[in-house]
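Fair warning: this is a prediction, and the values are worked out from it, not measured in the lab.
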Amino acid sequence: MLTTHPFDDDKLREECGIFGVSGMEGAAAAVALGLHALQHRGQEAAGITSWDGHQFHIHRAMGHVAGNFDRDEIIRSLSGNVACGHVRYATTGGSDLRNVQPLYAELASGGFSVAHNGNISNAMRLRKDLVRRGAIFQSTSDTEVIIHLVATSQYRTLIDRFIDALKQVEGAYSLIVMTPEGMIACRDPLGIRPLVMGKLDDTIVFASETVALDVVGADYVRDVEAGELVIVKGTEITSHKPFAPLAPRPCIFEYVYFSRPDSISEDRSVYSVRKAIGAQLAIEAPVEADLVVPVPDSGVPAAIGYAQQSGIPFELGIIRSHYVGRTFIQPGDKVRHLGVKLKHNANRELIKGKRVVLIDDSIVRGTTSLKIVQMMREAGAAEVHMRIASPPTRHSCFYGVDTPERAKLLAAKLDVEGMTDFIHADSLAFVTIDGLYKALGEARRADIHPKYCDACFTGDYPTTLTDQDELAPVDQFALLEERVG
C-alpha cells in the first residue's frame, strides 16, 4: 500500500473522507473519482453504496480506491443515480472489513446507509445503553451507534428520527446518509469536521473538500453549515437547522496538514494559508541560514512562505520517492533505517556545507524530525535548524483524528529545549498559536471561545468528552474488539 506521507508512523492522520452524489446517471463512477481525490484523508479502506430506485448496492474493501474501484464490473454493479462513498483511516474500531464504511442497515423505513467523518465522543456510553436494550452491533465503529439510535427512535418520520439520534451524540461528525427517501448531508453543531456542497448541472455533490468537487467537474456552491442538515430528494433541496445555534469551531489542523493544498476552506485557499503560516514563522523565528528546505510534501507551502519572508533561498534539499509503501519495508532496525532513505533522500551536493532550515507542518512523536535531521547531518549540512508550521502538539484529538495517546506526544513530555536535544537540531521553533491565527487573518481572544478547534495545541476542547472522562486513559474500542472479536 502506498502512503500519502512516507513517515507514516509519525503524522496525525485524518480518519476519513466522504463523498456523495445525487441525480447523476452512473453516480458510483463519480463517487469513485471523488474518493480518489480524498485518498489522503484515509488509506486503509474504501467503500461505495448506491441506490437505483429499488434497492441498494454496496461494495467495500480494504486498501486504496485504485485497485478496488477501477474495474468496470465493480462500478456496473453499483447501479443507480444516487451514491455515496468513504475512505477510511481507523481512529475507533479495528482495521477490518466490518468497520469499512458506508455502513448499511435495513430499518423499518427501508435501507439506511451512512458515511461518517469524525468521532462520537460518547459512543461507548450510548453503545452500552443500546446493547442493554437489545441492540446487536455488527461492527466496532462508533458510526454504528447512529444507525441504532435512528432505528430505536420513537419519532414518526425518518428525518425526525435522524435528528433525534443526532441530538443524543457528542463530538464531531460530517455525515452523508442515503435512504429511499433521498440523501442527507449534515455537520455537527460546531462544524468541527468539514463538508462542502457542489453542483454539476442538476446533480448535487457533497464532499469533505473542494478538491473532490474539482475532480468531477462540479462547481462549489457553499459549505454545509455547522448544525445544518441538507436534504436532497430528486431535484428538491431543503435545509434544516434543528440545533440551538452555536459559534462554529472548525478544525484548524485542516489548514495545517489535513486538507490538500489545492482545496478551498471557508473561502480561503489552503495553499495560501500555509504560505502565510510559513511567513509568520519566519517573522517569529528567524535564523541565519543558507537554504530553506521543506520536508516533503506537507512542508512545501510553508517553506515557500518562510523563504519569501526571510529572503533565504528555497531549495528541494530532500527528494521523496513516490513509489515506496509501508509494506515494502521489512521489520528490523537496520533494514527499517535503510527504508527511510528509500522514502526520503538528501540532495547531498546541495546540502553539503550549508546551514539548512528544515520546514515541516508538525511534530508528533518526533521520530520523523530525528531521522530528517540525521539525514541532513549525514549529507554534510553545517547546521540544521528545524521550524514547525504549527504550535506544539501537546494534546490528543477526540474528534476523528488519529492521535497518539498524550504520553507519546513529544511536546507533552518535553519543552522546546528538550525537543531540540531529542531531534539533535541546532535550533527548533514553532509558530505560536497567536501567529497561526494571524496567518488565518484572525485573532485568538482569551475572553471568548476561539474561532477554531485548536484543542490539539491548547487542550481547549469545545465539547464534553464523556467516554474519555469515564474510561480514560483506556483505549476503549481496543478493549471492545478484544471482547467481541
Side-chain angles (χ1 to χ4, degrees), residues 1-14 37 39-41 43 64 89 211 253-263 270-275 277-279 281-282 289-308 310 312-326 328-329 336-352 354-381 384-390 393 423 425 428 430-431:
M1 182 194 301
L2 296 179
T3 56
T4 299
H5 197 287
F7 289 101
D8 38 64
D9 292 328
D10 193 29
K11 283 288 173 183
L12 298 184
R13 286 178 283 196
E14 246 286 2
Q39 187 75 84
H40 59 286
R41 300 183 75 90
Q43 299 181 47
H64 284 187
Y89 180 81
V211 67
F253 217 88
E254 291 286 342
Y255 291 104
V256 174
Y257 177 67
F258 293 143
S259 293
R260 266 179 44 167
D262 45 342
S263 281
V270 173
Y271 177 80
S272 296
V273 170
R274 288 180 186 167
K275 281 181 62 179
I277 296 171
L281 184 56
D290 303 305
L291 302 175
V292 173
V293 173
V295 177
D297 288 324
S298 56
V300 171
I304 293 172
Y306 192 100
Q308 290 176 348
S310 66
I312 302 171
F314 170 94
E315 295 285 358
L316 296 180
I318 301 171
I319 307 301
R320 173 193 163 189
S321 171
H322 292 257
Y323 303 99
V324 180
R326 71 174 68 177
F328 184 84
I329 307 304
R336 192 182 306 277
H337 177 70
L338 294 175
V340 170
K341 294 189 176 182
L342 286 173
K343 296 177 178 182
H344 275 170
N345 194 43
N347 194 345
R348 187 174 294 272
E349 290 304 309
L350 179 70
I351 296 299
K352 188 176 180 180
K354 300 295 196 305
R355 298 169 298 173
V356 176
V357 185
L358 290 171
I359 308 292
D360 205 355
D361 61 274
S362 60
I363 291 181
V364 183
R365 293 179 176 89
T367 53
T368 294
S369 301
L370 174 62
K371 293 170 184 176
I372 291 290
V373 170
Q374 182 180 356
M375 184 184 297
M376 294 292 99
R377 301 276 192 210
E378 292 173 354
V384 184
H385 303 274
M386 180 71 81
R387 296 293 181 269
I388 305 299
S390 64
T393 304
I423 66 173
L428 169 66
F430 298 78
V431 74

Taking all non-hydrogen atoms of both residues, which atom of [X] and which atom of [Y] are closest, and how far apart?
X    : Y    : value
V270 : Y255 : CG1-O, 4.1 Å
P294 : L316 : CG-CD2, 4.2 Å
I359 : A302 : CG2-CB, 3.9 Å
V211 : A37  : CG1-O, 4.0 Å

[Y] and [X], any side-chain heavy atoms less than 4.5 Å apart:
X    : Y    : result
H385 : V356 : no
S298 : D360 : yes
I363 : F430 : yes
L358 : V384 : yes

Straight-line distance of S369 OG to L428 CG, nearest 0.5 Å: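 Rounded to the nearest 0.5 Å, the OG-CG separation comes out at 7.5 Å.
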CE-CD1 distance between M386 and I423, expressed to the nearest 0.5 angstrom: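 Going from CE on M386 over to CD1 on I423, the span is 4.5 Å.
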If the test is salt bridge (Lys or Arg N to Asp or Glu O under 4.0 Å), which one of R260, R274, R41 qualifies with E254?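 Of the listed options, the one satisfying the test is R41.
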Short side-chain donor-acceptor distance under 3.5 Å, Q374 and E378: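 Checked: E378/Q374 side chains pair up, N/O donor to acceptor below 3.5 Å.
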